[in-house]
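For reference, the structure is listed below as structure tokens.
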Amino acid sequence: MAISIQIDHVSREYGPVKALDDVSIDIKAGEFFTLLGSSGCGKSSLLKLIGGFDRQTSGRVCFDGKDVGDLPANQRPVNTVFQNLALFPHMSVAQNVGYGLRLKGLSGSRLQVKIDDALDLVELTGFGARDVNLLSGGQRQRVALARALVMEPGILLLDEPLTGLDERLRQQMRDEFGRLHKRTGATFILVTHNQDEALSLSDRMAVMHKGRIEQMDVPARFFETPANAFVARFVGIDTLLHPQAVLVSGNHGAATIAGQTVQVRIAGPADPAASVVAIRPDRLFLAPPNTDAALRLCVSGTTFRGLHRDLRLAFGDGQTLMIAIDADMDIGELAIGQEVAIGLKPDAAVLISR
Amino acid sequence: MTRPRLPISSMLMTPPLLAILALGLAPLAIVVIWSFWSWDPLTYWIKPDLSLAGYAGILEAGRWTVIVSTLVKAFATAFLCLLIAYPTAYAIHFLAGRRLSILLLALITIPFFTSYLIRSFSWRLVLGRTGVINTLLLDLGITQEPLDWLLFSNFAVVVGLIASYLPFATFPLLLSMRRVDPTLLAAAQDLGAGFWKCLTTVLLPLTLSGIFAGFLFVFVMVVGSSTEVQMLGGAGASIVSVMINDVMRVANYPLAFAISTIVLAVIFGLVLIGNRLFGLASLFEDRSP
């Protein structure tokens, strides 16, 4: 049965360092929730508290509304896939997968059936007798998943489980997580620094920074309305421009950047000193030179990126903006220093707090 | 076209190999060979003719009982050392913080700076009729008269041996525990294991090589020890090295070497069994990924 989690004003201090600073999250039963952040942001500390491997300095952690502060890790309905997988090197695949069930007192054919089912689930049928030390990275990953899932946990914690896998395997295992989440119906909590994983898997996600939650939302909202410049940068909106002035009318307005006006949606303070204009790269386009409502910018460089080409453009005051253009476009027309017109699709720019 | 390359590596290997052969293997070979020579009690002369007189001498004068009691003492001491050292190593590695673990390691090591003689003698002051323990027991009214078996007994000898050789069990255990990834213990816990299950199903199996190495080190040290028995043992208490010393006084090298050979064989046997069962060699492997 999936279990809901309530993190209630939780802080975790290590001496003067606040790994977690007054964090509150409500995770619904059966949700796929992702904690996203760079290393040291506190996401793993939070995971340890949920798993029972550490204790908060203040606040409460509850499962289905009941405080689990006094429940040690071995009595929590939680299982973890550790970052380094932590497979027992002195046991076979089947012994690893059956470890938790044997502790529960299962043995004989009932144990064997469960182990086989779990191996089937992660597509490792027939691997039971293998030595875990001789498996490939992806296979080890699956054993770790099977070992956790065979316990039928209400909550599954995934602590950066895809780190160290190559790109193809990453995508494969990522899809596997999605499939297993649907199959098991358990509450999944993924900790990662990789926004691709977070975006493609999560029902909701939280971006963390310095022990605090910067934003908690469904993935699409992070692009529509990032809470601040940090979140915008973290999800890949790299163009953040400082406005000279902001004119507000309702929830829309106009920001002046290096003398040029950009229509923006207002989602932050109207004070130009406290806000930035975030521009989504996918809503910019190269406009014909005589378009009216376009930005006039100078080409300052291009970078070949394989399937597309990044075009870096500068405002008069030196602030830059990045747009993606076709890789096979004739860049002879885009000599450095040349002026181009850039059109903005609706809702391309949003004013957010700095 | 490939020319046979100059075997640089084997050239580099030669000097250390020669050193090991000359310093280690050669004396052992002499011990084994001389144990089969004969000794004339009248002239104290050793003759290089094949004889089993040395080995026959072991069966005389109760010498074999000394060997057996030495091995029993060594087993007991090594076992007790492990019982004490395992929790110690566990505490140092898993429980103590950085500062405390360094302090504990220092406390274990510092007694090594004094000689075995002084350390054994200090146990007399603790275990004697008027020693610390007896005085305490009398003062507390637990006993009416001093306990005699505390000193000059096998008990005292084993206490002295444990005190002397405990670090030889602690350090290999510590070494083997350092090689255990702590997330493995977290994983066991995560899957429902309490402290004892964690210990018996994960930590003990993964530290077997350290357990055996610690056992072997203490065992070997005890078999070669003499001070503790001489200082703390009762009248007539003996141990292999004391007995060998006595035999050497009359220059009966074949007998002395025969005793040594038997002890060597036992120790070599233990090493081989240990390596087969517990993977002793793995303790010294570099398993870093």
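So that the names make sense, note that chain A is the first sequence line, chain B the second, and so on, each numbered from 1.
One distance of note links CG of Leu206(B) with NE2 of His90(A); it measures 4.5 Å at 0.5 Å rounding. Phe88(A) contributes atom CZ, which lies 6.5 Å from atom CG of Leu184(B) (distance to the nearest 0.5 angstrom). Atom-to-atom distance recorded for Leu191(B):CG and Asn74(A):CG is 10.5 Å, nearest 0.5 angstrom.
The parts of Asn79(A) that come within reach of chain B are both its backbone and its side chain, each placing non-hydrogen atoms under 4.5 angstrom from that chain. Only the side chain of Phe82(A) has a heavy atom closer than 4.5 Å to any heavy atom of chain B. Using a 4.5 Å cut-off between heavy atoms, Asp181(B) contacts chain A through its side chain alone, with no backbone atom that close. Neither the backbone nor the side chain of Leu85(A) comes within contact range of chain B; no heavy atom of the residue lies under 4.5 Å from a heavy atom of that chain. Contacts of Arg147(A) with chain B are made by both backbone and side-chain atoms, with heavy-atom separations under 4.5 Å.
Taking both residues in full, the closest heavy atoms of Lys197(B) and Tyr99(A) are given as O-OH, 4.1 Å, listed atom of the first, atom of the second, then distance.
Phe79(B) CZ: 12 or fewer foreign heavy atoms inside a 6.0 Å radius. For Phe268(B), the CZ atom sits in a loose shell: 12 or fewer heavy atoms of surrounding residues, nucleotides or ligands are nearer than 6.0 Å.
Listed for the Asp190(B) side chain is a donor-acceptor partner under 3.5 Å among the backbone atoms of Thr80(A).
Residue with the most contacts toward chain A among Pro205(B), Cys198(B), Gly194(B), Ala188(B): Ala188(B) (heavy-atom pairs, distance under 4.5 Å).
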